[in-house]
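Step one of this worksheet: look at the structure below.
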Number of protein chains: 4
Amino acid sequence: MQLGMIGLGKMGANMVRRLMRGGHQCVVYDRNPEHVQRLVAEGAVGADSLDDLAGRLSAPRAVWVMVPAGEATETTVQALGQRLEPNDIVIDGGNSYFKDDVRRAGSLKNRNLHYVDVGTSGGTWGLDRGYCLMIGGPNAAVHHLDPIFRTLAPGRGDIPRTPGRSTVTGTAEEGYLYCGPSGAGHFVKMVHNGIEYGLMQAYAEGFDIFRHANSENLPKDMQYDLNLPEIAEVWRRGSVVGSWLLDLTAAALVENPDLSNFTGAVQDSGEGRWTVMAAIEEGVRADVLSASLYTRFRSRQDHSFAEKVLSAMRYQFGGHVEQPRQ
Amino acid sequence: MQLGMIGLGKMGANMVRRLMRGGHQCVVYDRNPEHVQRLVAEGAVGADSLDDLAGRLSAPRAVWVMVPAGEATETTVQALGQRLEPNDIVIDGGNSYFKDDVRRAGSLKNRNLHYVDVGTSGGTWGLDRGYCLMIGGPNAAVHHLDPIFRTLAPGRGDIPRTPGRSTVTGTAEEGYLYCGPSGAGHFVKMVHNGIEYGLMQAYAEGFDIFRHANSENLPKDMQYDLNLPEIAEVWRRGSVVGSWLLDLTAAALVENPDLSNFTGAVQDSGEGRWTVMAAIEEGVRADVLSASLYTRFRSRQDHSFAEKVLSAMRYQFGGHVEQPRQ
Amino acid sequence: MQLGMIGLGKMGANMVRRLMRGGHQCVVYDRNPEHVQRLVAEGAVGADSLDDLAGRLSAPRAVWVMVPAGEATETTVQALGQRLEPNDIVIDGGNSYFKDDVRRAGSLKNRNLHYVDVGTSGGTWGLDRGYCLMIGGPNAAVHHLDPIFRTLAPGRGDIPRTPGRSTVTGTAEEGYLYCGPSGAGHFVKMVHNGIEYGLMQAYAEGFDIFRHANSENLPKDMQYDLNLPEIAEVWRRGSVVGSWLLDLTAAALVENPDLSNFTGAVQDSGEGRWTVMAAIEEGVRADVLSASLYTRFRSRQDHSFAEKVLSAMRYQFGGHVEQPRQ
Amino acid sequence: MQLGMIGLGKMGANMVRRLMRGGHQCVVYDRNPEHVQRLVAEGAVGADSLDDLAGRLSAPRAVWVMVPAGEATETTVQALGQRLEPNDIVIDGGNSYFKDDVRRAGSLKNRNLHYVDVGTSGGTWGLDRGYCLMIGGPNAAVHHLDPIFRTLAPGRGDIPRTPGRSTVTGTAEEGYLYCGPSGAGHFVKMVHNGIEYGLMQAYAEGFDIFRHANSENLPKDMQYDLNLPEIAEVWRRGSVVGSWLLDLTAAALVENPDLSNFTGAVQDSGEGRWTVMAAIEEGVRADVLSASLYTRFRSRQDHSFAEKVLSAMRYQFGGHVEQPRQ
């Protein structure tokens, strides 16, 4: 079928490629005309403005917005809303906050436009591996887009079937899932990323313990010089902690066992924060997800003010003068 | 080659089977004669005592101890030590504390016996999938046992090679690894299990947030009835959080989406505790690993005394009378 | 001066009493006429409706709202707003979310009414001990109310002066503080309560460790039967952990060392949640404040779904059948 | 009565002074003869060696060891043990690990010497304020030392009596407590310090949130420039979070509101670590105490290896290049 794509960055461009490989027609737009040209050269239809894009699509139009979450998405969705006609569909494929989805869906609905929110996992690997899609919005619109989702998703591949699923129908095994009404797709994707933070942190703490297993503070006969790349590699086979994230860790460590090419300042995107907030709103513990988020906060600071408060108290009550140490 | 195996529980018995499939000869012993008989029927040589086992093995003997960690392993290793001769090898394949390994290795060394500690991952799935092995001890003894390790390990299988490993040699890609001197194998396995706790907890918190996404405390248009088995399934394809533990979660949820067959009281074995203690001894943060451990502690209690202290304070300062609530 | 008080619960009634002791005139209203009568008997002017209350106050009116945070406060402030005249002042003395203050202040400002937010600490002890007041809102209105704040606050008392304050002016030493524009008072009070959660949890965990110091899992000669009430008491003198919360703990423990009169289900009010959310919005770690909040969430559940997920995974990978245990 | 004191640092010297003020005779020794001379000038009896000290005390001798925990204490106690006679008493007043107490008490008991472990809180303020003492060891020896403990302890002072204690006897209200057999004193002191970490961290996180309340990431009308010294001060009167540690925080902040005189690298002594280990050995949650400890670990590092592992994974899966940021 036909799909408009706005935003041709790493993610958007590869999604267009995967869709074209799957026989779909893509009308593409990006603020940067070079991005448009590159995909036109690969077979896409180029547009040089939102109006142009809307004009080149046949009704009912389906337009996928793949621009940075936040202001860029907000502006684009609103601008697009003014150029579309009743029954057209806007798809937000970025990492929007689900509360924004609910608001936007309501505002577009007033004009009889449908808004579909899609959480997309797969990163730069998605072109070949496929994108895992978590979808929210009005049922009919989502159903209409099924061919698009099916093509973008990884499909069953050679992954062993989950025992007990023989009688279960649905698209989850194809790698895409309708999760519920507006916001549900991004809600599920949000928690997905929250879990990702937790998984990453679990590995990170473990390897940090390995890294310091030769600390001089330990008894002489219990100091170990461990080979971290080899440990990550051996766990890829038959161990309980095998995962795609471990594969990546193994790749990073074999390249540079000290990871000296990284400063260790780790960004966080919104999803980790929103996941913790959602847990709090629900009254659900999220110890591990919070700790993972906080580690990232801390990693970007030289010293926290909290730490200075601790030092200040220690100085006051005992005359301890704090010194940096290795 | 020839190997003695003591302890024919789920793990030990399957390891014997995998070794025999690989052409090795196994002399087996268990306190329960039925366990011995079952494996004899499958081709093993049976022994009815430790002495008998020692007698049936040719020097230098290699005996794998696969009994519960703690007292059972301690007793068995000591009893075995008295029945072996210089240059024989004792292998502890259980989940021993690495500090016990160091002590035991030292004590056996006085009698010229070699002690090899092997952390084994793979659980009941290992017979077919192979066991991921993390090995510590004297280099020569470990080298001598290489054929055994190679057979038990999963091998390369069809797992894609880690980019950048083309020039790396060693056995990690075969699924077994020599980690270092005595205790190193169990140290690595210990942290492996600590990471496992963290990974499990990350998924658990995420699904808990999903489970309560329809809470009445949330705004009406932001309550979602999510299908947990389908979410777990869709993530198995192309998502960043794919892992073997996720596969298990998907299997459990498809069987019983409410998990109502579980009370939620979760045991912890020693490794999680030791991992946190090791982190503290090294001066390394382990927020996520600690939180995962504490969740298990709490899960086995009706109410903690700490919670009563909180209630008592609240009662004192504000006359709050605490009530259980849903 | 003259003050209207709406809401004559434990807090509101005692504040009226303290104000009257300080020579102020109080016009009081509560939905429950008995509450009004009781204070009229003690010298207050009674009102039987909001209109009546507004009529009995001379302009510029100052009305303190002391009803439960959330809907009750929202309704009362709005209803009051419709009955007041330009330059009158509404004071919200409850535990409102600071974001609601900002919104309400803006909406009242349109009608030339002033909104002052006051975070109040002191609980049922405040009548005699005084109330610690954290104040936000327009400067002039706050200044106008100074006599009220001064009377409600504890004053300097016999608390030793902080070293280095000799040249500092301001009201903080009197026990009340102007914190900034609208919302600032409740923001400071919110974090105050967040800290309170953390302090309480620190004591609670410590006493939990004491409580289990005689656990049979510990070596025989390292099991201690500790006397918790005596420990709390001894710390009240000369120790680093002395505090008002410790005083309360000592009182609770001497009454019932087992705290068997409490189930351990601990409520949380909004402030703990908002504090963690504020930290996340700012990108600041709040490990201890989060953990304290989560402990309360967990204390009100029989078992979390997260724990069942853990059990389910364990069952899948190792056939572990989880059992409740003591 | 008569007491020997070994170790005349800040703590030991002041304890000698407080004892002499209380009418006791002190025989003092320190490796540094100047420290001895200073106290001799104030009325103490000086000794120039352990032998000399032992010779100047009349049997049964009581010798208080107040040297750094760990090796110094170990060496001193052992050396002292060789110079004492049956029924003499060794008091370890430092911050020893309770497991070391149990071992030392056993070894001295073989020679009929009594070992008393005393946890001491009060820091540099103890000379005037008194020392809160937590005492373990054989009952008779502890009883014999009662006059010493009574003098060192703060006494009842003008602290209001805990409601409900009128029928309770014992010394807790005097500020010293017999906690139980060997190790019990240091066990209680250990947890005391663990709690102290948690209390400090709770304040520290709260003030960190205040510090960043004017962050540009927040909505314009919800940015607050808070006056931290004034907030700490106002809470000293009538608030729920009042404590001695808050008093110290107020003093530190009034001196330097930015705390720019501290780097923020915070040391941890053994007690915080041992407290968490004790909790784990008992199977008791200690979320807040652990988080407080980990904050200190992290505060002394530039970047943790864990953080680099996170960056490395992010780079692998999304091509994110991590940058340090403010």
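- Using the six-membered ring where Trp is involved, D/Phe187 and D/Phe98 have ring planes that are perpendicular, over 60° apart on the 30 and 60° scheme.
- Proximity to chain D is limited to the backbone of C/Arg161, based on heavy atoms less than 4.5 angstrom apart.
- Residue D/Thr295 holds its OG1 atom at 3.5 Å from CD of D/Gln201, rounded to the nearest 0.5 Å.
- Interface remark: D/Val241 contributes backbone and side-chain atoms alike to the contact with chain C (heavy atom separation under 4.5 Å).
- Atoms CD1 and CD, from C/Ile195 and D/Glu205 in turn, are 9.0 Å apart once rounded to the nearest 0.5 Å.
- With values rounded to the nearest 0.5 angstrom, D/Ile231 atom CD1 is found 9.5 Å from D/Leu253 atom CG.
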Begin with the C-alpha distance, continue with both residues' side-chain angles, and end with the deciding distance and a verdict on side chain to side chain contact (heavy atoms under 4.5 Å, CB included) for C/Tyr178 and C/Asn139.
CA-CA 8 Å; C/Tyr178 175 61; C/Asn139 224 316; 3.8 Å; yes
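- C/Phe207 meets the ring-ring contact (aromatic ring centres under 6.0 Å, His included) test with C/Phe210, C/Trp235; sequence neighbours excluded.
- Contacts of C/Tyr224 with chain D are made by side-chain atoms alone, with heavy-atom separations under 4.5 Å and no backbone atom involved.
- For chain D, the nearby part of C/Leu133 is the backbone; its heavy atoms alone come within less than 4.5 Å.
- Distance check: D/Asn95 CG to D/Glu271 CD gives 3.5 Å after rounding to the nearest 0.5 Å.
- Chain C forms the most heavy-atom pairs under 4.5 Å with one residue out of D/Pro160, D/Ala172, D/Ser121, and that residue is D/Ala172.
- Only one option out of D/Leu248, D/Leu246, D/Asp208 pairs with D/Tyr203 in a side-chain contact (heavy atoms from CB on, under 4.5 Å); it is D/Leu246.
- Of the residues considered (C/Ser215, C/Gly180, C/Gly242), C/Gly242 shows the highest number of contacts with chain D, using heavy-atom pairs under 4.5 Å.
- Ion pairing between a basic and an acidic side chain is recognised when a charged N comes within 4.0 Å of a carboxylate O; D/Glu174 and D/Arg156 show such pairing.
- Looking only at heavy-atom pairs under 4.5 Å with chain D, the residue among C/Gly126, C/Gly106, C/Pro154 that has the most is C/Pro154.
- C/Asp101 is listed as a side-chain neighbour of C/Arg104, based on a closest heavy-atom distance under 4.5 Å.
- Side chains of D/Arg236 and C/Thr162: a donor-acceptor N/O pair is present below 3.5 angstrom, by distance only.
- With chain D as partner, the option from C/Glu281, C/Glu196, C/His192 having the largest number of non-hydrogen pairs under 4.5 angstrom is C/His192.
- Of the two parts of C/Val240, the backbone and the side chain both hold a non-hydrogen atom closer than 4.5 Å to a non-hydrogen atom of chain D.
- Counting heavy-atom pairs closer than 4.5 Å to chain D, the top-ranked of the candidates C/Ser239, C/Ala291, C/Ser243 is C/Ser239.
- Interface remark: D/Glu173 contributes backbone and side-chain atoms alike to the contact with chain C (heavy atom separation under 4.5 Å).
- Residue contact with chain D, scored on non-hydrogen atoms closer than 4.5 Å, is absent for C/Glu255.
- With respect to chain C, the highest number of heavy-atom pairs below 4.5 Å among D/Arg129, D/Glu216, D/Glu230, D/Arg285 belongs to D/Glu230.
- Note: D/Ala202 leads D/Gly198, D/Ala202, D/Ala232 in heavy-atom pairs under 4.5 Å with chain C.
- Using cut-offs of 30° and 60° on the angle between ring planes, the pair D/Trp274 and D/Tyr97 is parallel.
- Contact of D/Val188 with chain C is made through backbone and side chain together, with heavy-atom distances under 4.5 Å.
- Proximity to chain D is limited to the side chain of C/Met134, based on heavy atoms less than 4.5 angstrom apart.
- Taking CG of C/Asp117 as the reference point, atom CD1 of C/Ile135 lies at 9.5 Å (rounded to 0.5 Å).
- Ranked by heavy-atom pairs shorter than 4.5 Å toward chain C, the options D/Asp287, D/Val234, D/Val284 are led by D/Val234.
- Only the side chain of C/Val254 comes within less than 4.5 Å of a heavy atom of chain D; its backbone N, CA, C and O stay farther away.
- The residue among D/Ala278, D/Pro219, D/Gly206 with the most heavy atom pairs within less than 4.5 Å of chain C is D/Gly206.
- The parts of D/Ala213 that come within reach of chain C are both its backbone and its side chain, each placing non-hydrogen atoms under 4.5 angstrom from that chain.
- Proximity to chain D (any heavy atom under 4.5 Å) is restricted, for C/Ser182, to the backbone atoms N, CA, C and O.
- For the set C/Gly157, C/Gly130, C/Pro181, the count of heavy-atom pairs under 4.5 angstrom toward chain D peaks at C/Pro181.
- Per-residue heavy-atom pair counts under 4.5 Å with chain C were compared for D/Gly122, D/Ala204, D/Ala184, D/Gly170, and the maximum is reached by D/Ala184.
- Counting heavy-atom pairs closer than 4.5 Å to chain D, the top-ranked of the candidates C/Cys179, C/Gly164, C/Gly183 is C/Gly183.
- The cationic atom of D/Arg296 (NZ for Lys, CZ for Arg) lies less than 6.0 Å from the six-membered ring centre of D/Tyr197 and within 45° of the ring axis.
- In this structure, the separation between NE2 on D/His212 and CD on D/Gln223 is 13.0 Å, given to the nearest 0.5 Å.
- Only the side chain of C/Leu218 comes within contact range of chain D, with at least one heavy atom under 4.5 Å from a heavy atom of that chain.
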